[in-house]
Amino acid sequence: QQQVKQSPQSLIVQKGGISIINCAYENTAFDYFPWYQQFPGKGPALLIAIRPDVSEKKEGRFTISFNKSAKQFSLHIMDSQPGDSATYFCAAIPAGTASKLTFGTGTRLQVTL
Amino acid sequence: DSGVTQTPKHLITATGQRVTLRCSPRSGDLSVYWYQQSLDQGLQFLIQYYNGEERAKGNILERFSAQQFPDLHSELNLSSLELGDSALYFCASSSQGLAYNEQFFGPGTRLTVL
């Protein structure tokens with residue numbers, strides 16, 4: 001059972017374009033929503049994260065939009081660059097003292113020149 | 001470089017064997033996590049330790065076990081290996097192990113079971 005659904009599976013965007021990746025969740029106990037970026041041969045690295053009490057968070061070219069009622073959140077990469085080519089994972093963590101990251105299935109982004 | 005180290009980088013073994021993966025967390029981090037990444041299952045949380053104690057358990061098979069030692073390094077033991085255990089195994093660490101603490105991932109150990 002996939003608790004966090006992510007789409008699309010792959011994405012090709014031209015340099016300077018906007019990349020959009022979407023995620024949806026079912027478990028209302030989820031309380032923290034990070035996005036991870038993974039380059040080939042490397043471990044995932046935290047990109048940006050949001051709590052459900054805000055609807056949007058922006059850090060540089062990266063923005064998370066969060067819709068609590070729809071249980072959906074998305075990552076927008078503005079002015080996409082070839083260096084952004086990587087696999088992106090959305091994730092969710094329930095509130096509490098444990099920290100069980102539940103990942104989406106990943107989106108492979110390719111930014112072309 | 002995240003500051004999390006994992007050894008070995010690659011491991012090739014046969015079905016039925018047992019292996020141990022090692023992880024050293026970032027300096028000062030008290031919590032260690034183990035994840036498995038495979039093509040069919042994606043990235044899955046296995047287990048979390050905080051200061052030597054198990055804190056959370058995910059989809060970890062009974063053939064797998066882990067522990068965190070007093071110096072805070074951790075080991076993941078995989079036994080009676082099957083072909084399906086071939087995957088990338090990541091260790092991550094965080095300061096307090098709470099939900100909002102950033103998890104820093106190591107470079108992973110690639111396990112191949114033949």
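Letters go in sequence order (proteins before strands), and every chain restarts at 1.
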Contacting region of [X] [heavy-atom separation from chain A under 4.5 Å]:
X       : value
Y100(B) : both
F104(B) : neither
Q37(B)  : side chain
Y50(B)  : neither

Do [X] and [Y] land in one hydrophobic cluster if side-chain heavy atoms of ILVMFWY residues count as linked below 4.5 Å?
X      : Y      : answer
W34(B) : V19(B) : yes
I20(A) : V4(A)  : no
Y35(B) : I47(B) : no
L72(B) : L76(B) : no
L61(B) : L81(B) : yes

Exercise for review: Enumerate by number any residue of residues 73-94 of chain A whose heavy atoms lie under 4.5 Å from heavy atoms of chain B; in the absence of such residues, state 'none'.
Suggested key: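 Listed by number, the contacting residues are F89(A), I93(A), P94(A).
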Review point. When only heavy atoms count and the cut-off is under 4.5 Å, which of residues 44-51 of chain A reach chain B?
Key: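 Those residues of residues 44-51 of chain A which have a heavy atom under 4.5 Å from chain B are P44(A), L46(A), R51(A).
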Around atom [atom1] of [X], are there more than 12 heavy atoms from other residues, nucleotides or ligands closer than 6.0 Å?
X      : atom1 : answer
L39(B) : CG    : no
E59(A) : CD    : yes
R61(A) : CZ    : yes

Review point. In Å, rounded to the nearest 0.5 Å, how long is the span from CG of L98(B) to OH of Y32(A)?
Key: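 Interatomic distance, L98(B) CG to Y32(A) OH, rounded to 0.5 Å: 11.5 Å.
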**Study point:** Rounded distance [0.5 Å steps], CG in L101(A) versus CD in Q48(B)
**Key:**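 Between atom CG of L101(A) and atom CD of Q48(B) there are 9.5 Å.
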Review point. By salt bridge (charged side-chain N to carboxylate O under 4.0 Å, His left out), which residues pair with K71(A), not counting sequence neighbours?
Key: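 In terms of salt bridge (charged side-chain N to carboxylate O under 4.0 Å, His left out), with neighbours along the sequence ignored, K71(A) is linked to no residue.
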Exercise for review: Take F103(A) and F45(B), measure what side-chain contact (heavy atoms from CB on, under 4.5 Å) needs, and give me the verdict at the end.
Suggested key: CA-CA 8 Å; F103(A) 285 94; F45(B) 168 79; over 6 Å; no
Practice item. Check whether any side-chain N or O of K100(A) sits under 3.5 Å from a backbone N or O of K57(B) as a donor-acceptor pair, and report yes or no. Key: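 Between the backbone of K57(B) and the side chain of K100(A) there is a qualifying donor-acceptor contact (under 3.5 Å).
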Review point. Below 4.5 Å, heavy atoms only, C-beta onward: do Q38(A) and F105(B) meet side chain to side chain?
Key: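 Q38(A) vs F105(B): side chains apart.
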Check your understanding: Other than I12(B), what residues sit in its cluster of Ile, Leu, Val, Met, Phe, Trp and Tyr side chains whose heavy atoms are under 4.5 Å apart, directly or through others?
Key ->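 Under the 4.5 Å side-chain rule, I12(B) groups with L114(B).
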